Amino acid sequence: MSMSTPRGHAGMMQTGRGANRPTPGLTDHLAEPTEWFSANARPENSIDVTYPLTKEEAFNYVSSRLNIPDLEARIAGGDRVELLNLVVEGIKRQTPFTNILWHLSTPMWERDGQDMKEWMVAGKGGVCWMINPFTRAVLDRLGFKTYHIAGQAVDDKLPDTHICTIVEDAAYPGSIHLVDPGLWKDIYPVMSLDFQSESPEYKFHHMTVKLFREGGDRVILSAEAESVDPDDEWILYDANRKAWQARMILRTNERRNWHPFVQSTLKGIKFMTETGTMPPPFGGIVLFGYLVEEGTVVFIRAIGTRIAMYRYDREGKVRISNLSKPALQQFIKDRFPQYSEEELTEVFRRCPLT
């Protein structure tokens, strides 16, 4: 979903065509949220519930599944930012972004937080509103100070389709870090929001990324541009005139409650499923995850008769291949053993791939 947007600037940032003249801000076009999204998740409009993860479960998950040793000692007196990075990177590597389990016989809108927690602990993954609330709960149980904020992809018509996490006071009193392992094609490390107009560059696996600030409370997540189209409204330039592709707009002063956000989103999932309006690739299968033993990232996009797999190495080189439906099922079975054979059989029986 996309809509035309004005070209603007944020601090040292400038966009593509017409970037040298004053224009409205990049995010001024955003419409008011619909009932599916932010209105029901704002703290003033909703009552949140505690995420169903115990401290013992969180410690077991971090120590066993993420293989982070000496957890008690790290919490008691270690480098808090180092621990934060270890946990978030571990979750990103162990937890694929995927809608695979949406195709099980029990509809997503009949699931609850306990179901989603169990999927996360088992490494079965999900999307932003499944991965990021779990990540925040883990960090909370480890003693970090956190809250959720709202966001949207730059080409998304609805303004509040993403939820991510802010961590306060990890480096020093008043420090702020962005945590977002629940993105799919974009890979971001833990990033400090303590900057004026643009952040340093960050490298995570094959992606180089940067943040830009607009108006103090709006932050734009951007990836290094692979090519530059002068007519692209979302090409941004930093102080050194390096080009960046804007990906996500975050409103850092707009807090969100995780449970109302998820429940509101599920209303949208139910509506789009029942009316056949689910946007690609979520009407088929999407999976973005790590093949740890190869050191590569795999992105699978399967819609109808088109099943494509992209494999990225650390230098950004990509291998593209096309798969049949049986070959995709076998690949996931072999490379992502966290899914049972029974689950995959049901998923591939029900998903609309041919």
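Every value quoted in this text rests on a predicted model; they were computed, and no experiment measured them.
Looking at D115, its side chain never comes within 3.5 Å of a backbone N or O of E118 through a donor-acceptor pair. A donor-acceptor contact shorter than 3.5 Å links the side chain of Q338 to the backbone of G123. Side-chain N or O atoms of D217 include none that pairs as donor or acceptor with a backbone N or O of R251 at under 3.5 Å. Judged by distance alone, with hydrogens and angles left aside, the side-chain atoms of K325 form a donor-acceptor pair with the main-chain N or O of F348 at under 3.5 Å. A donor-acceptor pair is defined here as one N or O able to donate and one able to accept, closer than 3.5 Å; no such pair exists between the side chain of D194 and the backbone of S175. Checked by atom type and distance alone, the side chain of R213 pairs as donor or acceptor with a backbone atom of F195 at under 3.5 Å. Side-chain N or O atoms of E57 include one that pairs as donor or acceptor with a backbone N or O of T54 at under 3.5 Å. Proximity of a side-chain donor or acceptor of N132 to a complementary backbone N or O of G182 within less than 3.5 Å is detected. With hydrogens and angles ignored, the 3.5 Å screen pairs no side-chain donor or acceptor of R319 with any backbone N or O of D313. Although no hydrogens or angles enter the test, the distance criterion places a donor-acceptor pair under 3.5 Å between the side chain of W258 and the main chain of V49.
Within the structure, salt bridge (charged side-chain N to carboxylate O under 4.0 Å, His left out) contacts touching residues 345-354 (residues at least two apart or in different chains) do not occur. For residues 120-130, the salt bridge (charged side-chain N to carboxylate O under 4.0 Å, His left out) pairs, not counting sequence neighbours, are K124-E343. Legend: salt bridge (charged side-chain N to carboxylate O under 4.0 Å, His left out) pairs involving residues 64-77, not counting sequence neighbours, sorted by first then second residue: R74-E82. For residues 138-151, the pairs satisfying salt bridge (charged side-chain N to carboxylate O under 4.0 Å, His left out) are R136-D140, K145-E168, K145-D169, with sequence neighbours left out.
Enclosure of atom NZ in K242 by more than 12 non-hydrogen atoms of other residues, nucleotides or ligands within 6.0 angstrom is indicated. Around CD of E56, the count of heavy atoms belonging to other residues, nucleotides or ligands within 6.0 Å does not exceed 12.
Rounding to the nearest 0.5 Å gives a distance of 6.5 Å between CG of L83 and CG of L71. Atom CZ of residue R247 and atom CG of residue L183 lie 10.0 Å apart, to the nearest 0.5 angstrom.
When hydrophobic clusters are built by joining Ile, Leu, Val, Met, Phe, Trp and Tyr residues whose side-chain heavy atoms come closer than 4.5 Å, directly or via intermediates, I176 is grouped together with V219. The hydrophobic cluster containing L193 also contains F204, counting ILVMFWY residues as joined when their side-chain heavy atoms lie under 4.5 angstrom apart, directly or transitively. When hydrophobic clusters are built by joining Ile, Leu, Val, Met, Phe, Trp and Tyr residues whose side-chain heavy atoms come closer than 4.5 Å, directly or via intermediates, M191 is not grouped with V81. Put simply, I320 and V297 are part of the same group of oily side chains (I, L, V, M, F, W, Y) that touch within less than 4.5 Å, one to the next. Both V292 and I91 sit in one connected hydrophobic cluster of ILVMFWY residues. Membership requires side-chain heavy atoms under 4.5 Å apart, directly or through other members.
A centroid separation of 6.0 Å or more is found between the aromatic rings of F97 and F288.
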**OP:** Would you please test H205 and M207 for side chain to side chain contact (heavy atoms under 4.5 Å, CB included) and show each step?
**Re:** CA-CA 6 Å; H205 199 265; M207 291 195 72; over 6 Å; no

Original post:
Passes side chain to side chain contact (heavy atoms under 4.5 Å, CB included), F336 versus V298? Steps please.
Top reply: CA-CA 11 Å; F336 295 91; V298 61; 3.8 Å; yes

Original post:
How far apart are the C-alpha atoms of M130 and V262, what are their side-chain angles, what is the distance that settles it, and do they pass the side chain to side chain contact (heavy atoms under 4.5 Å, CB included) test?
Top reply: CA-CA 8 Å; M130 300 164 71; V262 170; over 6 Å; no

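Stacking of R255 on the aromatic ring of Y147 is recorded, both the 6.0 Å distance cut-off and the 45° axial limit being met.
Here the side chains of R311 and L291 are in contact, with some heavy-atom distance below 4.5 Å. At least one side-chain heavy atom of R111 sits less than 4.5 Å from a side-chain heavy atom of L104. The closest side-chain heavy-atom distance from I131 to M120 is below 4.5 Å. Between V154 and E233 there is no side-chain heavy-atom pair separated by less than 4.5 Å. In this structure, W109 and T273 have side chains that are in contact, with non-hydrogen atoms separated by less than 4.5 Å.
By the 4.0 Å N-to-carboxylate-O rule, E201 lies too far from K203 to be salt-bridged with it.
What you find for T161 and A153 is that their closest heavy atoms are OG1-N, 4.3 Å.
Classification of the Y310-Y312 ring pair by plane angle, with boundaries at 30° and 60°, yields parallel.
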Hey, can you pull the donor-acceptor pairs under 3.5 Å for the side chains in residues 274-287, sequence neighbours left out?
from : atom 1 : to   : atom 2 : distance (Å)
E274 : OE1    : K270 : NZ     : 3.3
E274 : OE2    : K270 : NZ     : 3.0
T275 : OG1    : F271 : O      : 2.7
T275 : OG1    : T277 : OG1    : 2.8

Which side-chain N or O atoms in residues 328-335 pair as donor and acceptor under 3.5 Å with protein atoms at least two apart or in another chain?
from : atom 1 : to   : atom 2 : distance (Å)
Q330 : NE2    : D334 : OD1    : 2.9
Q330 : NE2    : D334 : OD2    : 3.3
R335 : NE     : E293 : OE2    : 3.3
R335 : NH1    : E294 : OE2    : 3.2
R335 : NH2    : E293 : OE2    : 2.6
R335 : NH2    : E294 : OE2    : 2.7

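Checking S192 against H177 by side-chain atom types alone, no donor-acceptor pair falls below 3.5 Å.
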